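Quick notes on the structure that follows.
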Amino acid sequence: MSKRILILTGDAAEVLEVYYPYFRVLEEGYEAVIASPTKKVLHTVVHDFIEGWETYTEKPGHLLPSDIAFADVDPSQFDGLIIPGGRAPEYIRSNEHVPRIIRHFLEAEKPVGAICHAAQVFSALKDNRYFEGRTMTAYTACRLDIEQLGAKYAADTLHVDGNLVSGHAWPDLPGFMREFLILLSN
């Protein structure tokens with residue numbers, strides 16, 4: 001039976017951080033399922049880093065159909081979870097079903113990949129015990145989010161701590177997906 005990977009996202013996800021994992025999962029022969037607050041066609045965005053700017057720029061990206069609404073997700077039916085960054089994490093974390101979904105993957109110690117702003121989604125959990133004493137990385141603007149979870153912020157652009165793979169941003173996707181897929185194969 002093929003492994004199933006849940007990709008938890010929404011409108012304004014960074015296009016590379018959702019499409020790259022999606023296609024890598026398919027390339028491995030696994031099933032990739034896009035979940036969003038409601039089943040719909042999502043609007044992704046393109047973030048870029050421009051010399052002289054203190055933050056990133058944003059432009060519209062590709063359309064992405066989601067497969068399932070958060071309310072209909074049974075996390076026990078999945079072997080791993082990927083959370084792309086972009087601006088989607090800042091609003092999907094307030095969805096009532098997100099804590100239930102994330103909690104399952106953390107408690108079952110299934111592989112969880114969180115890249116860029118994805119760490120913001122973890123604030124949906126009221127219990128920080130999942131992160132205390134752990135080390136994670138994220139886009140530099142999310143350092144405070146990681147520290148508020150009780151985790152140590154790693155300045156490295158890629159970090160693996162147990163079942164949790166974290167990365168800074170889309171340039172780190174090759175290593176991020178390599179490490180996620182290694183965890184998935186164990």
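All values reported here derive from a predicted model rather than from experimental measurement.
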> Run the side chain to side chain contact (heavy atoms under 4.5 Å, CB included) check on V33 and R4 step by step: do they pass?
Replying inline: CA-CA 7 Å; V33 177; R4 299 181 78 211; 3.7 Å; yes
> At what distance, to the nearest 0.5 angstrom, does CG of N163 lie from CG of L184?
Replying inline: 11.5 Å
> So, H168 versus Y139, ring centres under 6.0 angstrom or not?
Replying inline: no
>> On a heavy-atom basis, which atom in Y91 and which in P37 lie closest, and how many Å separate them?
In response: CE1-CG, 4.0 Å
>> Is there a path of hydrophobic side-chain contacts, each under 4.5 Å between heavy atoms, that joins L173 and L64?
In response: yes
>> Rounded to the nearest 0.5 Å, what separates atom SG in C116 from atom CZ in R87?
In response: 12.0 Å
>> For L63 and L42: C-alpha separation, side-chain torsions, deciding distance, then whether side chain to side chain contact (heavy atoms under 4.5 Å, CB included) applies.
In response: CA-CA 6 Å; L63 298 177; L42 301 170; over 6 Å; no
> Would you say R93's side chain and E90's backbone share a donor-acceptor pair under 3.5 angstrom?
Replying inline: yes
> Which heavy atom of P99 sits nearest a heavy atom of L125, and at what distance?
Replying inline: O-CD2, 3.6 Å
> Is there side-chain contact between V112 and L106, with at least one heavy-atom pair below 4.5 Å?
Replying inline: yes
> If only atom types and distance count, is the side chain of W170 paired as donor or acceptor with the main-chain N or O of H47 below 3.5 Å?
Replying inline: yes
> Parallel, tilted or perpendicular: which fits the ring planes of Y19 and H62, with parallel below 30° and perpendicular above 60°?
Replying inline: perpendicular
> Are the side chain of N95 and the backbone of I92 linked by a donor-acceptor contact shorter than 3.5 Å?
Replying inline: no
> Is the side chain of Y153 donor-acceptor paired with the backbone N or O of A138 at a distance under 3.5 Å, no angle test?
Replying inline: yes
> Which pair of non-hydrogen atoms, one from P75 and one from F105, has the smallest distance, and what is that distance?
Replying inline: CB-CE1, 3.8 Å
>> Using side-chain heavy atoms (C-beta onward) and a distance below 4.5 Å, is I82 in contact with Y22?
In response: no
>> Using only atom types and a distance under 3.5 Å, with no angle test, would you say the side chain of D79 pairs donor to acceptor with the backbone of I5?
In response: no
> Is the backbone N or O of G85 less than 3.5 Å from a side-chain atom of E17, with the two atoms forming a donor-acceptor pair by type?
Replying inline: yes
> Ion pair present between R129 and E107, side-chain N to carboxylate O less than 4.0 angstrom?
Replying inline: yes
>> Count I, L, V, M, F, W, Y as connected when their side-chain heavy atoms are under 4.5 Å apart, and connections chain through other members. Are L164 and V121 then in the same cluster?
In response: yes
>> Between K39 and I68, is there a side-chain heavy-atom distance shorter than 4.5 Å?
In response: no
> Can a donor-acceptor pair be found between the side chains of H104 and K110 at a distance below 3.5 Å?
Replying inline: yes
>> What verdict does the side chain to side chain contact (heavy atoms under 4.5 Å, CB included) test give for D74 and Q77, after you've listed the backbone C-alpha separation in whole Å, the side-chain angles of each residue and the deciding distance to 0.1 Å?
In response: CA-CA 6 Å; D74 176 357; Q77 301 298 307; 3.5 Å; yes
> If you look at every heavy atom in S36 and G10, which pair is closest and at what distance?
Replying inline: CB-CA, 4.3 Å
> In Å and rounded to the nearest 0.5 Å, what is the CD1 to CD1 distance from I83 to I101?
Replying inline: 9.5 Å
> Taking C-beta and beyond as the side chain, do H159 and V165 meet within less than 4.5 Å on heavy atoms?
Replying inline: no
> Hey, does the side chain of S2 reach the backbone of G29 with a donor-acceptor pair shorter than 3.5 angstrom?
Replying inline: yes
> Quick one: do R134 and D161 make a salt bridge, cutoff under 4.0 Å?
Replying inline: yes
> Just wondering, do I34 and V18 contact through their side chains at under 4.5 Å, heavy atoms?
Replying inline: yes
>> Tell me whether N128 contacts the main-chain N or O of Q148 through its side chain, where contact means a donor paired with an acceptor under 3.5 Å.
In response: yes
> Rounded to the nearest 0.5 Å, what separation is found between the CG atom of L183 and the CZ atom of R178?
Replying inline: 11.5 Å
> Given side chains that start at C-beta, do those of P84 and E14 come closer than 4.5 Å, heavy atoms only?
Replying inline: no
> Out of V160, L158, L181, which residue meets the side chain to side chain contact (heavy atoms under 4.5 Å, CB included) rule with F176?
Replying inline: L158
> Do the side chains of L26 and Y30 join up, straight or via other hydrophobic residues, at under 4.5 Å, putting them in one cluster?
Replying inline: yes
>> Donor-acceptor pair, distance only, cut-off 3.5 Å: does the side chain of S66 make one with the backbone of K40?
In response: yes
> What are the two closest non-hydrogen atoms of I7 and A32, and how far apart are they?
Replying inline: CD1-CB, 4.3 Å
>> In the structure I gave you, are the side-chain heavy atoms of I146 and F131 within less than 4.5 Å of one another anywhere?
In response: no
> Does the S166 side chain pair with the main chain of T137, one donor and one acceptor, at a distance under 3.5 Å?
Replying inline: yes
> Are any of the side-chain nitrogens in E27 or R24 under 4.0 Å away from the carboxylate oxygens of its partner?
Replying inline: yes
>> With clusters defined by side-chain heavy atoms of hydrophobic residues (ILVMFWY) lying less than 4.5 Å apart, directly or transitively, does Y130 cluster with L144?
In response: no
>> Please tell me whether I102 and L6 are part of a single hydrophobic cluster in this structure, the criterion being side-chain heavy atoms less than 4.5 Å apart.
In response: yes
> More than 12 heavy atoms of other residues, nucleotides or ligands under 6.0 Å from CD of E109: is that the case?
Replying inline: no
> With side chains defined as the heavy atoms from C-beta onward, is the minimum distance between F122 and V98 less than 4.5 Å?
Replying inline: no
> Taking all atoms of both residues into account, what is the closest heavy-atom pair of G86 and H117, and its distance?
Replying inline: O-CB, 3.3 Å
